[in-house]
Asks: 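Structure incoming, see below.
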Amino acid sequence: MSAEQQGDPAGLRKDAPPAGSDATRDTSDPRPATPSWIRELDMALTVHPQVLLTGNVRDQYLLPDDHAAGSSATLAPYSLGEVIESLCAARGYGALAFLDQVHERITLLRLSATVAQVPAVLREFAERDEKWRRGRDGQGADGADDEDEPEMLDRLRDAMVGVVHHPGPPIGLVVPYSGRLGSPQAPVAGEAARLFAAAEELGHTARPVQGASAVTPYNTVFWVVERQEELPREFAVGSRAVRVISVPQPPHDQRLAAARHVVGGLARYQAATGGPALTEAETATAAKALADSSHGMGSSEVMAIGRMALDRNLPVQRLDEAARLYRIGVLDNPWATVELRERIATGEEFLNGKVIGQPYAVRRTLEIFMRSAAGLNGAQASSSPSRPRGTLFLSGPTGIGKTELAKGVAEMILGKDARPIRFDMSEFAEEHARDRLIGAPPGFVGHDAGGELTNAVRANPMSVLLFDEIDKANPRLFDLFLQILEDGRLTDGRGATVYFTECVLIFTSNLGITAPGTGEPPKDGAGAGDTGASTGSGTDGAGGRDAAEAAPRTGRRQLSRHDDPTVVRQALRNAFDDFFNDTIKRPELRNRFGDNFIPMDFMQEKWVPQILDKAIASVAGRVLETHGAELLLADDAWEVLRVEATRRLDHGGRGVLTAVESALVNPLAKEVFRTPPRRGERLRVVAIEGDGDGEGYRLEVERWQG
């Protein structure tokens with residue numbers, strides 16, 4: 001606590017009742033129960049000479065303000081220092097000393113002791129502090145430090161020795177930011193080493209203060225650090241003299257109390273400035289919505305959301321939007337716009353134009369995003385409202401449009417030029433792959449660089465994330481996905497939290513292309529390309545080699561486009577379940593996907609003309625853009641392409657594109673290279689000859705100036 005904080009903090013008096021007591025609390029009182037860590041801290045004062053507080057120690061804690069007039073339910077925000085002060089005052093402590101690392105001073109707050117009852121070393125520090133403050137405020141005293149003033153660590157060590165050996169009344173010493181007193185990676189030397197050695201010895205030799213009551217507290221040293229691993233290795237964490245108390249993030253009832261505090265203030269302001277008065281039911285609904293949307297936040301952040309709502313002129317009914325704004329910093333929420341609802345409503349035509357031959361998958365995808373746009377992210381959303389906006393698991397053979405569907409989803413949600421952020425999970429098969437996604441842990445090379453995934457989401461909080469070939473990822477990575485799907489957040493290697501609340505996650509796989517059968521290996525032309533090994537490229541390609549090798553041994557046959565779609569979908573679903581239940585043994589992750597598993601069908605011959613026309617239009621567009629010439633195809637040439645595309649249909653839609661590449665693009669490139677077209681010229685492919693063997697295909701092309 002700094003010099004400015006030594007006065008009486010709001011809602012706290014030295015005669016305040018102990019904050020750790022719930023003995024006289026009325027069970028009908030709407031105020032939340034005193035947090036268990038505060039009760040544990042109150043107990044520790046009588047049995048431990050040193051206390052280490054870790055975790056959510058920078059938060060504010062809403063506790064009963066017993067000195068407020070009016071309602072008994074009035075709450076006041078307490079800092080950790082104020083909680084310690086309240087407990088110590090109730091226990092009869094004479095004073096508290098605080099290490100002020102900003103000004104490198106030790107300040108003194110007297111609770112009940114006279115000047116003569118304070119340890120001499122603290123009196124000396126108080127006199128120096130008073131001298132420094134007068135000089136700073138321009139009152140004529142010399143504000144400069146004395147030349148012979150001891151170093152900060154020396155002062156802290158002297159204060160600690162003086163406090164622990166003090167006969168009474170009891171004194172407390174609070175050391176915030178204890179992790180900054182030495183390096184957690186390297187051995188501590190010099191004054192820091194002397195400090196921690198003295199702290200350990202004093203912890204074992206300290207005795208309770210003598211007093212009139214039967215149970216008296218120790219002279220207590222309070223160490224405060226957010227993460228225990230930040231402490232120097234010399235700190236005696238395992239000592240019996242040190243009570244380690246973890247301060248957790250506030251649970252729902254405490255966030256709800258903070259939300260009521262915020263909503264009450266905003267409602268009063270809204271009514272005072274001419275806005276509509278809220279009913280008790282509306283106030284309760286708004287408070288619950290804020291408590292739900294602030295999952296994973298501290299009480300101080302809930303109150304900050306209230307200030308943000310006031311600054312942005314958001315009504316009480318839209319506090320959940322303020323929570324989203326506070327969490328990810330995105331001003332525009334496309335999920336709440338009429339435009340997105342319209343794009344989703346007409347999305348079937350749009351996505352079917354992007355991904356030809358998958359009407360079932362498109363329909364299932366749109367059902368999921370209708371839920372997101374309506375704010376109903378599935379029945380499991382109540383357990384954690386911070387989950388991602390949408391999750392898809394696309395499964396099916398290679399080349400049938402899984403990646404294209406992800407691109408279409410990104411364009412539908414985020415706009416015309418949007419693309420998914422893609423992670424090829426076959427690149428994350430090694431043990432250290434986790435570090436690539438979230439960053440290396442402290443002390444390792446690349447620690448300051450962050451992770452590829454966390455950096456991408458931090459830069460683009462509203463993203464479509466594509467995890468391609470998820471079954472190829474290292475099993476350790478599935479812990480990260482479980483946390484994202486459940487809590488909607490990750491902590492990177494630097495300790496910063498990244499939120500996935502506004503993201504869409506799409507996972508792809510071709511698990512299940514083998515199905516229970518005769519155990520015969522696949523024949524040529526009957527699904528051979530669906531292993532992914534035969535295509536040799538493409539974003540949807542998966543490790544079909546393993547599946548092909550396993551087929552003769554496991555009694556499984558290759559699925560093909562000739563199988564009934566219902567059978568294919570069930571085989572894919574069974575493989576999905578087997579992978580999470582048996583292969584990686586993570587059924588809880590399978591459950592997080594829920595009904596968001598979407599099987600994609602084999603490409604059928606009836607879709608070839610549409611895919612073919614789209615591919616030819618793309619080639620013609622490139623010719624026009626590059627050479628200013630128009631490309632046309634005669635019916636006979638188009639029919640040759642259709643036959644060749646159908647012959648390669650076992651490779652999915654990519655087989656159709658390969659046929660166009662081989663039979664049209666390659667020979668056309670030779671023609672254009674030999675005789676570049678003039679701007680405005682028309683090129684009409686009259687015939688396509690050849691079968692792809694030998695020298696390949698040849699074109700018969702007519703040219704004329706348009």
Side-chain angles (χ1 to χ4, degrees), residues 1-7 9 50-60 78-85 88 95-110 119 121-137 143-164 171-186 188-200 202 219-237 242 245 247 300 442 494-495:
M1 182 177 291
S2 64
E4 290 79 6
Q5 294 173 302
Q6 293 183 41
Q50 297 187 30
V51 175
L52 172 62
L53 293 154
T54 69
N56 186 35
V57 294
R58 313 297 175 204
D59 202 0
Q60 287 186 311
Y78 284 48
S79 68
L80 181 63
E82 292 165 353
V83 170
I84 293 173
E85 177 189 339
C88 289
L96 281 175
F98 292 85
L99 173 64
D100 180 356
Q101 296 204 39
V102 174
H103 303 107
E104 294 191 342
R105 297 182 178 277
I106 293 177
T107 61
L108 182 66
L109 175 63
R110 288 193 295 113
V121 65
L122 293 186
R123 289 202 303 270
E124 180 183 350
F125 289 145
E127 291 170 359
R128 289 180 179 175
D129 184 62
E130 181 65 24
K131 177 181 177 182
W132 173 81
R133 285 193 291 116
R134 286 202 305 268
R136 183 198 60 180
D137 296 339
D145 291 340
D146 295 335
E147 292 182 3
D148 59 349
E149 187 171 351
E151 294 294 333
M152 187 69 247
L153 293 180
D154 271 341
R155 268 183 278 174
L156 178 58
R157 180 179 178 277
D158 292 343
M160 185 168 55
V161 172
V163 166
V164 173
I171 304 292
L173 173 62
V174 183
V175 186
Y177 302 97
S178 302
R180 303 296 183 263
L181 300 177
S183 171
Q185 279 84 35
V188 175
E191 297 306 321
R194 292 181 61 220
L195 170 68
F196 291 117
E200 184 173 5
L202 289 170
N219 291 309
T220 311
V221 180
F222 301 90
W223 306 92
V224 182
V225 66
E226 285 189 85
R227 295 194 301 274
Q228 193 169 310
E229 58 269 23
E230 294 178 358
L231 291 169
R233 291 187 293 179
E234 284 73 13
F235 190 93
V237 174
V242 180
I245 298 177
V247 182
S300 59
R494 294 173 291 188

Asks: Give the minimum heavy-atom separation between C88 and L96, together with the two atoms involved.
Replies: SG-CD2, 3.9 Å
Asks: For A198, check side-chain contact (heavy atoms from CB on, under 4.5 Å) against everything at least two apart and list the hits.
Replies: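 A198 satisfies side-chain contact (heavy atoms from CB on, under 4.5 Å) with R157, M160 only.
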Asks: With sequence neighbours excluded, tell me which residues meet side-chain contact (heavy atoms from CB on, under 4.5 Å) with S300.
Replies: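 Partners of S300 by the side-chain contact (heavy atoms from CB on, under 4.5 Å) criterion, ordered by chain and then number, come out as D59, Q60.
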Asks: Sequence neighbours left out, what passes side chain to side chain donor-acceptor pair (under 3.5 Å) with N219? Give chain and number order.
Replies: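 If we apply the side chain to side chain donor-acceptor pair (under 3.5 Å) test to N219, skipping adjacent residues, there are no hits.
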Asks: Locate the shortest heavy-atom distance separating S178 from L231; write the atom from each residue and the value.
Replies: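 Scanning both residues, the minimum pair turns out to be CB-CD2, 3.9 Å.
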Asks: List the residues meeting side-chain contact (heavy atoms from CB on, under 4.5 Å) with V57, not counting sequence neighbours, and say none if there are none.
Replies: L53, L80, V224, E226, V247
Asks: Measuring only between side-chain heavy atoms, which start at C-beta, is D154 closer than 4.5 Å to R194?
Replies: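 Of all side-chain heavy-atom pairs linking R194 with D154, at least one is under 4.5 Å.
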Asks: Is the charged tip of R58 near the ring of Y177: under 6.0 Å from the six-membered ring centre and within 45° of its axis?
Replies: yes
Asks: Would you name the heavy atoms of L153 and A192 that are closest together and state the gap between them?
Replies: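 Minimum heavy-atom contact is CD1-N, 3.6 Å.
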Asks: Could you check if a side-chain atom of F196 sits within less than 4.5 angstrom of a side-chain atom of L181, using non-hydrogen atoms only?
Replies: yes
Asks: With sequence neighbours left out, write down each residue that passes side chain to side chain donor-acceptor pair (under 3.5 Å) with E200, or none if nothing qualifies.
Replies: none
Asks: In Å, rounded to the nearest 0.5 Å, how long is the span from OG1 of T54 to CG of L52?
Replies: 5.5 Å
Asks: Looking at residues at least two apart in the chain, or sitting in another chain, which of them share a salt bridge (charged side-chain N to carboxylate O under 4.0 Å, His left out) with R123?
Replies: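 None.
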Asks: Considering all heavy atoms of both residues, which atom of R155 and which atom of R105 are nearest to each other, and what is their separation?
Replies: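 In terms of heavy atoms, the two residues are closest at NH1-CA, 4.0 Å.
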Asks: So do the side chains of F98 and P176 get within less than 4.5 Å of each other, counting heavy atoms only?
Replies: no
Asks: Does a side-chain heavy-atom distance below 4.5 Å link T220 with Q50?
Replies: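 Contact flag for T220/Q50 side chains = no.
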Asks: Does the side chain of L156 come within less than 4.5 Å of L173's, by heavy atoms?
Replies: yes
